[in-house]
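Presented below is the structure to which this report refers.
Letters go in sequence order (proteins before strands), and every chain restarts at 1.
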Amino acid sequence: MSRLEDWAPRIYRFALRLTGDRHAAEDLAQETCLRAWRHRQALRNERAERVWLFRIAVNLWRDGIRRTRTAQPLSGAEPDGQPAVEQLAEARDEAQRALKALDRLPPRQREVLYLNACEELKSAEIADVLGISNEAVKSNLSLARKTMRIQLTDDGSIAARGADCR
Amino acid sequence: MNAHSHCDRLDDYLADDLPDTDRREFANHLQVCPECQEAARFHESMAGNLQSAIAAEIPSRPIAAGISRRLSLQRRRRWLAATALAASIVGAILVFNWRSPIVMTPPEIVQARVAETNVTVSFPPNSVLTVPVPASEPGITVMWVYPVVRVAAADSKELNQPIERNVP
């Protein structure tokens, strides 16, 4: 097993998509790393490490939701502490818009699209991480792409209009 | 396979889920299909934007340091629990021994004591038996006095028999 420190930032980012909150994501990432460390003997295939770690994060997150019953849909939620969009350069602004659009997606679509676009996992791997069928992954991915396209096109046209007005 | 069925495979192509032959076939289709080209361009641009946006997301506190701290805390707790368990076991053994001391007596001493306590002696009737016993202070002699009395018995034969008493 490679060093957990190397994985921690990626687990944190995925946890941020799951929780929508920086502190909760930090706790979840830490808990994921701890559990991975305790059960490191269970990892037979080093190549499946990323899928295994993300699956632990998903399971911990779901267990937490079941325990606390405070699960909230994250649509529209914005990770706190994000830098203001106005202060970002144009390229970064576009990236932030994409990230905001991602965070506005329904939870399942957000998770599937994140794992596909950011972690470049295949459908079967995503299905393994989230514990859903391959077909569910594909349909959610297709829906997520369509929604993102609509949102980003709308945002882009609004931004362009706003720029013209100034 | 017609052009429309190729377009249906766009999601599989983007998810990298197509077998090699199908992937090559779709790549050929992509050269000539403007809709799929635009969709693929959008996906790549979106994925690039998302990857650059999430790269800036770093935790406010170092996760690895927190993990090391928690692991060492867990180890310390485990060590303390094991020490406490061992101490309580030793304590329980000590208390048990203090309340019920086990004295091992050699078998030959036991035999001698049995022989001593079961001594049978005969005395004439209406006499007194005196036995000196060790005293706690020097110069003092303690005597145990046992009166020997005749016991009336229904059987006349027993009247002339000596009385048997066990020396305590």
Side-chain angles (χ1 to χ4, degrees), chain A residues 3-17 22-23 25-27 29-34 36-38 79 81-83 88 91-92 94-102 112-114 116-124 126 134 137-139 141-142 145-146 148-149 152-153, chain B residues 4-23 26 30 33-79 81:
Chain A
R3 283 155 55 89
L4 275 176
E5 287 170 39
D6 302 336
W7 280 110
R10 297 176 84 159
I11 298 169
Y12 165 74
R13 285 175 203 135
F14 179 53
L16 198 53
R17 300 284 87 70
R22 288 175 80 92
H23 296 296
E26 283 168 2
D27 289 344
Q30 204 172 85
E31 204 59 47
T32 302
C33 290
L34 267 178
W37 178 253
R38 279 193 215 117
Q82 293 291 322
L88 298 170
R92 194 152 178 208
E94 205 173 319
Q96 285 298 318
R97 271 208 309 273
L99 191 58
K100 277 188 171 184
L102 175 75
V112 165
L113 186 62
Y114 175 83
N116 174 250
C118 301
E119 290 294 337
E120 296 175 344
L121 293 186
K122 294 186 175 186
S123 299
I126 297 171
N134 219 1
V137 171
K138 285 180 181 175
S139 66
L141 203 50
S142 180
R145 280 204 197 96
K146 278 175 193 156
M148 286 289 279
R149 203 165 175 184
L152 289 176
T153 310
Chain B
H4 181 68
S5 66
H6 274 302
C7 291
D8 286 346
R9 309 206 73 183
L10 176 67
D11 284 330
D12 289 337
Y13 174 78
L14 294 176
D16 198 16
D17 272 346
L18 288 177
D20 284 347
T21 48
D22 292 2
R23 187 167 183 79
F26 190 87
L30 202 56
C33 178
E35 286 91 7
C36 287
Q37 277 175 16
E38 209 230 320
R41 255 200 308 274
F42 171 79
H43 176 79
E44 278 171 20
S45 155
M46 177 193 68
N49 280 332
L50 285 175
Q51 284 173 3
S52 81
I54 62 160
E57 290 179 333
I58 46 169
S60 61
R61 51 191 156 105
I63 292 172
I67 295 163
S68 309
R69 201 169 44 245
R70 285 182 63 173
L71 279 174
S72 65
L73 195 69
Q74 279 178 358
R75 267 188 227 114
R76 205 176 307 148
R77 274 187 197 149
R78 228 173 279 148
W79 184 85

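Here the CZ atom belonging to Phe42(B) is positioned 6.0 Å from the OG1 atom belonging to Thr153(A), to the nearest 0.5 angstrom. Between Arg145(A) atom CZ and Leu10(B) atom CG the span is 7.0 Å, to the nearest 0.5 Å. Expressed to the nearest 0.5 Å, how far CD1 of Ile58(B) lies from CG of Leu16(A) amounts to 12.0 Å.
Residues His43(B) and Asn116(A) have side chains in contact (heavy-atom distance under 4.5 Å, counting atoms from C-beta outward). Between Leu102(A) and Met46(B) the shortest side-chain heavy-atom distance does not fall below 4.5 Å. The closest side-chain heavy-atom distance from Ile54(B) to Tyr114(A) is below 4.5 Å. Within the 4.5 Å cutoff, the side chain of Glu38(B) has heavy atoms near those of the Arg149(A) side chain. With a 4.5 Å cut-off on side-chain heavy atoms, Arg97(A) and Asn49(B) do not count as touching.
Proximity to chain B (any heavy atom under 4.5 Å) is shown, for Ile126(A), by neither the backbone nor the side chain. Using a 4.5 Å cut-off between heavy atoms, Glu120(A) contacts chain B through its side chain alone, with no backbone atom that close. When heavy atoms are compared at a cutoff of 4.5 Å, Asp11(B) approaches chain A by way of both its backbone and its side chain.
Chain A forms the most heavy-atom pairs under 4.5 Å with one residue out of Ala39(B), Ser45(B), Ala56(B), and that residue is Ala39(B).
Here the closest non-hydrogen pair linking Ala47(B) and Ala117(A) is CB-O, 3.8 Å.
Taking the charged nitrogens against the carboxylate oxygens, Arg10(A) and Glu57(B) have no contact shorter than 4.0 Å, which rules out a salt bridge.
Heavy atoms of other residues, nucleotides or ligands lying less than 6.0 angstrom from NZ of Lys138(A) number more than 12.
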